[in-house]
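As a basis for the values below, the full set of heavy atoms in this structure was taken, side chains included, without hydrogen atoms, waters or symmetry mates. Here the structure is a predicted model, which is why all the values come from computation and not from measurement.
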Amino acid sequence: MLTISGGAGVLISDAADAIGLPMPEMPEAAQAALREALPFCAPQNPVDCTAQALNDLSLVGRFADALVQDGGYQSILAFFTHAGGAASVAPRLRAELKAVRDAHPDRLFVLSVLADPHLVEQFEADGFTVFEDPSRAVVAIHAMGRFGDAFAVPPRETPVAGAAVALPASTPSEAEAKRILGRAGIEAAPERACAEVESAVAAAEAIGFPVVLKILSPDILHKSEIGGVLLNVADAAAVREGFALLMQRAAKAAPDARIEGVLVAKQLSGGVECILGVHRDPVFGPVAMFGLGGIFVEILKDVSFRRCPFGEAEAERMIRSIKGAPLLLGARGRPPADIPALARMLSRLSVFAHQAGPRLSGIDLNPVFAMPAGQGAFAADAVIDIAENDA
């Protein structure tokens, strides 16, 4: 920022900080050179050339050129308020700023002045974006930076083609949803669907305690809301007791639901809970989502989105783009998660959603356990939502 007002510099710095727009300081050598030209200037950033610049407008050109040449800034905001619109100042100010603008056409130059509309048009013709409110100018610069970043993203690689997907006639149970996704290479925790209590005991002993018990029904998709999930089931007696308890809760909460039994699953530990999902957008088609699970998605809404399908490299960029990514990358001594396995699952999910067609309304994998590096990623719950009508 180039300014003739220290107070305006403070206000604009606060506005930039509030939206995360960086304002790095000028290099020390550049600051020293500007102090030689004007000993009482403040050349850090904002660069305050003071009102003295209105007495010697060549300072404006010199300071503006230093921001580009020495500072290397891609975006420059110059604040001159009503002084920039004064008849005694505007012609020479235009000449000084235009010379710098013409010498560096690859930079974004933004001007904050209070001026007659005709003069504003002249500044705009010189290549400046003009705002009366400098705070709005800051927001515009930030938006243009994000816009440029989006266009700078390299083309996505072509994902590995998936086989044609045959969806069931209606929304399947969790066990069936996992079988369908498993054929697409999306791994789930070891589990077994059990219609009877003794088969549940045998499954738990085969999988290994502790296990998780979940009511199994295509009509009860949000099992936790009815108490349909039991954790830390530690022995055969607890399996028998839990099986009966889940049946009672299901009968009470959803008496008309089709009950297929209980899902017995290995209880995973030591991983990071994530959420992977797909939503069919009416314009863009299937769109994949990734975020950390639990309170992170519910409260912080820290998620990223991509249009399906995409490859593993793009999936990894999604994973690393969220604010909570350090929890997956080994922050504060935590073991890093198996990012390649997580990216592989996310990419395969995107290909599956693309291949499934318009009858697929959405997919919800929550939680997915991203285990420590080299140990894989596993879906602990899965919902595939099938649209009622072909559309």
Side-chain angles (χ1 to χ4, degrees), residues 1-16 21 23-145:
M1 178 193 173
L2 175 64
T3 180
I4 58 171
S5 166
V10 172
L11 292 173
I12 290 173
S13 297
D14 288 345
L21 178 64
M23 293 184 64
E25 283 194 8
M26 286 277 283
E28 286 293 337
Q31 292 189 41
L34 292 178
R35 287 193 185 96
E36 289 183 6
L38 188 64
F40 48 86
C41 72
Q44 292 87 354
N45 190 23
V47 174
D48 184 5
C49 59
T50 76
Q52 175 63 21
L54 300 177
N55 297 321
D56 180 4
L57 285 164
S58 67
L59 291 172
V60 172
R62 181 167 182 174
F63 275 61
D65 189 68
L67 285 169
V68 181
Q69 296 275 42
D70 303 326
Y73 299 104
Q74 298 298 309
S75 303
I76 294 91
L77 169 59
F79 177 84
F80 289 97
T81 188
H82 62 277
S88 59
V89 172
R92 181 67 187 281
L93 177 64
R94 277 188 62 204
E96 292 288 341
L97 292 175
K98 187 176 185 303
V100 179
R101 169 68 181 79
D102 290 346
H104 306 284
D106 59 328
R107 309 303 168 93
L108 175 63
F109 288 86
V110 181
L111 189 60
S112 178
V113 295
L114 295 172
D116 180 89
H118 178 66
L119 180 57
V120 170
E121 291 177 359
Q122 293 177 354
F123 278 120
E124 291 176 340
D126 291 341
F128 291 88
T129 300
V130 182
F131 291 85
E132 290 187 354
D133 182 351
S135 296
R136 292 188 64 190
V138 170
V139 173
I141 291 171
H142 183 247
M144 286 299 293

Look up atom [atom1] in [X] and atom [atom2] in [Y], then write down how far apart they are to the nearest 0.5 Å.
X    : Y    : atom1 : atom2 : value
L54  : F80  : CG    : CZ    : 7.5 Å
F131 : L114 : CZ    : CG    : 13.5 Å
I12  : L77  : CD1   : CG    : 5.0 Å
E28  : Q44  : CD    : CD    : 8.5 Å
D56  : L38  : CG    : CG    : 9.0 Å

Fill in: Criterion side chain to side chain contact (heavy atoms under 4.5 Å, CB included) against F109, the qualifying member of V130, T129, V68
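In the set V130, T129, V68, the residue that makes a side chain to side chain contact (heavy atoms under 4.5 Å, CB included) with F109 is V68.
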Worksheet, complete the sentence: Of I76, D102, L111, the one forming a side chain to side chain contact (heavy atoms under 4.5 Å, CB included) with L97 is L111
Could you check whether any side-chain N or O of [X] sits under 3.5 Å from a backbone N or O of [Y], counting only pairs where one atom can act as donor and the other as acceptor?
X   : Y    : result
R92 : L57  : no
N45 : M26  : no
Y73 : R107 : no

Taking all atoms of both residues into account, what is the closest heavy-atom pair of [X] and [Y], and its distance?
X   : Y   : answer
S5  : A8  : OG-N, 3.2 Å
V60 : A53 : CG2-CB, 3.9 Å
G71 : P27 : CA-CD, 4.0 Å

Is the closest side-chain heavy-atom distance between [X] and [Y] below 4.5 Å?
X    : Y    : answer
F123 : L93  : yes
S112 : D133 : no
S75  : V110 : no

Worksheet item: Does the side chain of D48 pick up a donor-acceptor pair with the side chain of T50 at under 3.5 Å?
Response: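 The criterion, which ignores hydrogens and geometry beyond distance, is not satisfied for T50 and D48.
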Item to complete: In plain terms, say whether R94 and D126 are close enough for a salt bridge, that is, a side-chain N and a carboxylate O under 4.0 Å apart.
Response: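 D126 and R94: salt-bridged.
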For [X], check side-chain contact (heavy atoms from CB on, under 4.5 Å) against everything at least two apart and list the hits.
X    : answer
D116 : H118
A115 : V113, L119, V120
P46  : M1, T3, S13, M23

Worksheet item: In terms of heavy-atom contacts, does CZ of R62 have more than 12 from other residues, nucleotides or ligands at under 6.0 Å?
Response: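 Open.
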Worksheet item: If you draw a 6.0 Å radius around CZ in R35, do more than 12 non-hydrogen atoms from other residues or ligands fall strictly inside?
Response: yes
